[in-house]
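Worksheet for the structure shown next.
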Amino acid sequence: MIFILKVYSGSSLHLLVSRSTAESLRGLKEEGREEPPENIRSMESGRDTFPFPYQPYDIQEQFMQALYRALDQGKVGIFESPTGTGKSLSLICGALSWLRDYDEKKRQEAAALLQEGEAALSTSTTTSSSAEPDWITDFVQKKAERDLVSKLKEEDLKRKKREERLEMIRNNAQLKYALKRKSHEDDEAFKLLQLSKEDQAEVPGDQEDEEHIVAEYESDDDSKSKSRLLGGEDEEDDELVEEHVTKIYYCSRTHSQLAQFVHEVQKSPFSKDISLVTLGSRQNLCINEEVRRLGSIQRINDRCMEMQKNKHEKQHPEDGAKRKRGPAKSVCPFNKASALQQMRDEVLGSVYDIEQLMKVGKETHSCPYYATRLAVPPAQLVVLPYQMVLHEATRRAAGVQLKDQVVIIDEAHNLSDTLSCIHSSELNGSQLCRAHSQLTQYADRYRSRLKAKNLMYIKQILFAIERLVRVLGGKVGQNPQSQNTQTGTEMHTINNFLFKAEVDNINWFKLQRYFEKSMISRKLSGFVEKYAGSGVTLHAQNSLNKENRRTEGLLNYLKTLKSNQNSASVAQADLQESAEAEKVLSASPMMQIEGFFLALTNTNADGRVVVHREGTLSESSVKFLLLNPAVHFAEVLKECRSVIIAGGTMQPVSDFKEELLLSAGVGQERIVEFTCGHVIPPENILPIVMSSGPSGQELDFTFQSRDLPSMMDETGRILSNICNVVPGGVVCFFPSYEYLRRIICHWEASGALTRLSTKKKIFQEPKKANLVEQVLSEFSRCIQRSAQESSGLTGALLFSVVGGKMSEGINFSDDLGRCVVMVGMPYPNIKSPELQEKMSYLNKHLPHSHGRSPGQALVENLCMKAVNQSIGRAIRHRGDYSAIVLCDRRYSRPATLSKLPAWIRSRTSTHATFGPAFASLRKFFVEKKQQQVFLNGS
């Protein structure tokens, strides 16, 4: 938006143009010139009250005020609010209050500046001075003034039209679209659906292979290719594209967390007047059953993109001469401009989560995936997963524009790891060999129909894959499971790896552009699925037609990967052992290879390539490790007006600041931190550091001493004593699955496990994710039964693992987690080559502080982050209470205690001997039992 600012200098009037009114107003104030009106400056002091569905806690008000100031001042904020303190509602009400005030402020500024501009025009026509410029300069100045005033009027008119349209949508949506659905449901959409089915029912013929062939590659045809990648919107859709308004992007890790956030918005005071859109993947939002039943997200994406391409081609008949050879190609009946516009308006008029979007899409016969993307520009709040914001290509494809917008990243305790994982890539020998075989078969089959430039790039890809296999000590064209390699791990810089692999002469940037524009990975995937799909035997496939015999080598190769034997001795019966294995083998790994090639375009200092040989080529791997996640986060920080990093447990925050913010060029003055306490009374939590056990054995769970029989026996005695006094559930976390296995084996042999089982029923965290719900349900039922019965058992004991399936996202509230025990400190494997390289990188690029190197700080922070996530599973609401027992003398160190969340740290007591620690634990639960009896009696 362009604004006019009035500045008096002598007798001459000048008009200044600025992209940011706030910056210009601040500039005027600093120079001692005219200050903005009081109503424009009113927001600078923050806000005292916020709309809230109930009377907020003090810490919620403090949270919202701090958030409001951070957004208003364009800060990068690190906000910590423990789970159970209403963090989501505080984020919603604080951020949307700021957005509402900000929009009102901009309206007032625009009106004031427009008035000033018009007054300036009228004044300049009636006043003159001997010092005025000549008539040419005067004419140019007046024309500029008129143009700027016209621009302001145009922007004001656009804003009013946008607000009027949203108001009309909210007031009339139900009646308008009910009538529209009634008149068109059996007509237009139904006919399109039938037409699509007829198209797909036609006899395929050999011309179906047209969809697998890479189009003629023209490297300078950027705009056309980009349009198709974004979904193939054509001229008919152009009218749906709008200018982006100021908005807030809220992102979290999972769709369930996003749905929970949307439900909180629906309960908030802003639910009636906020324009919210939820973004998701095609797998989550597609309503075309013929596409959904394809199952895998890759196949769904490929089919959807192909249907968008068909739509684009059908609407360009002048290019149709080449496309009339085969049968008519199907398009999606749910992707029509009028239907998308209808659903877009429906989405903007109400607050919907993903399940509700699916329902609306089916009612309006429109695609939720594309309709939500069309709704992004006018939306005020966009809810989306991490990857759509943190990954540039995904962000671009989703139509997300961050310029001068606000981004809130919730559940951000693993943000650094998330960024590293998104931009890292790993390939094993089986994937490389399979991709080489598939692409060779593809090139052989369509050689006569591929243009010269396509063949040139395909040969480059094949050459690069072959060299990667050689680096791993193998050869292409042979079974990778039967190729032995020397074991060992090597770490290379990107440049050294390229030289070692002898691919330093390849232009990886050009190759990446070819991947992006030609969509060769998608084409190859479709080719492989057609000729190596599940349930199609070699003989049946060969009998289709003579041409299909060219794929025999591909099918043979895919099937030999299922056996450890030599390919010549594989029997047909062995090839059909597992439908799941068949599905995995039939998938194309070219997408992963494309990601690895993209990773090689990173700056040499920002990443490393790990070559890991594991005996056989199939188990060996080459991995790109991103060492500097800030390089990808920097663009988000640079583009956005403000970025808020929020979570229930953000401690320790030093790695956020050093690794992600300061390294990305954010100044210390732009960073703000906010940490609030818990809503529970201080007496409802008892954190204890135990330095020794009942027999006086010092608790030292370092790698050298944790396997000692005396240490394991002491741990069993501690748990036995805890189970004697703690009612309900006890959750005990161990550093790793391997240590949990060893200590349980020792307890079984010594009888300690049997003694524990007489006090509480024992459960153990399963390694398989699909069994977690079952174990948790049985754990919960056992605790409920023991509370109702008068048997000897007083609840249940759950053995879990730090960083496992129950250390994040699981709520052990109330009786499920009356005590959380942390055995030892879960330090990461310091001998890991990846961790050592990361430490070395940080030591080289970050400053030392408090006598500790950045590498040492990284290890300690990783440990304490894992601890904080685990012990935060217990206290989940205001009335909850729990004890936290930290079993290791190292927890008593001040540097370690300082990394605990503030609301836990302030209540933590350390005990050198077991007696006083156990006495405080017993007293805590006796008092809670007495309080419960008193409340029940009253």
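Between K865 and D417, no side-chain nitrogen of the basic residue sits less than 4.0 Å from a carboxylate oxygen of the acidic one, so the salt-bridge criterion is not met. The pair K87-E411 counts as a salt bridge, with a side-chain nitrogen and a carboxylate oxygen less than 4.0 angstrom apart. A salt bridge does not link R706 with D700: every distance from a Lys NZ or Arg NE/NH1/NH2 to an Asp or Glu carboxylate oxygen is 4.0 Å or more. The pair E834-K838 does not meet the salt-bridge criterion, since no charged nitrogen lies less than 4.0 angstrom from a carboxylate oxygen.
Each ring pair (Phe, Tyr, Trp, His ring centres under 6.0 Å) pair with one or both residues in residues 738-774, not counting sequence neighbours, appears once here: W747-F799, F763-F779.
Residue I644 is tested with L71, I409, V407 for a side chain to side chain contact (heavy atoms under 4.5 Å, CB included); the sole match is L71.
Contact annotation: the side chain of P652 approaches that of N861 to within less than 4.5 Å [non-hydrogen atoms, C-beta and beyond]. Considering only heavy atoms from C-beta on, L258 comes within 4.5 Å of Y250 through its side chain. At least one side-chain heavy atom of V351 sits under 4.5 Å from a side-chain heavy atom of I274. Side-chain atoms of Y891 and L900, non-hydrogen and from C-beta on, never get closer than 4.5 Å to each other. The closest side-chain heavy-atom distance from V823 to F733 is not below 4.5 Å. Counting heavy atoms from C-beta on, the side chains of C676 and E80 never come closer than 4.5 Å. Residues P687 and L886 fail the side-chain proximity criterion, which asks for heavy atoms closer than 4.5 Å. The side-chain heavy atoms of E264 and S88, taken from C-beta on, include a pair separated by under 4.5 Å.
Using modelled atom types, one finds a donor on one side chain and an acceptor on the other under 3.5 Å when comparing E659 with S416.
Atom OG of residue S268 and atom CD1 of residue I92 lie 5.5 Å apart, to the nearest 0.5 angstrom. Note that NZ of K760 is 10.5 Å distant from CD1 of I722, once rounded to the nearest 0.5 Å. Between atom CZ of residue F701 and atom CE of residue M712 there is a gap of 9.5 Å, rounded to the nearest 0.5 Å.
Ring pair F914/F918 is parallel by interplanar angle, where below 30° counts as parallel and above 60° as perpendicular.
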Take L921 and L686 through the side chain to side chain contact (heavy atoms under 4.5 Å, CB included) test and state the conclusion after the steps.
-> CA-CA 8 Å; L921 187 70; L686 180 67; 4.1 Å; yes

How far apart are the C-alpha atoms of L381 and F261, what are their side-chain angles, what is the distance that settles it, and do they pass the side chain to side chain contact (heavy atoms under 4.5 Å, CB included) test?
-> CA-CA 12 Å; L381 179 59; F261 178 82; 4.1 Å; yes

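Applying the salt bridge (charged side-chain N to carboxylate O under 4.0 Å, His left out) rule to K767 yields no partners; only residues at least two apart in sequence or on another chain are considered.
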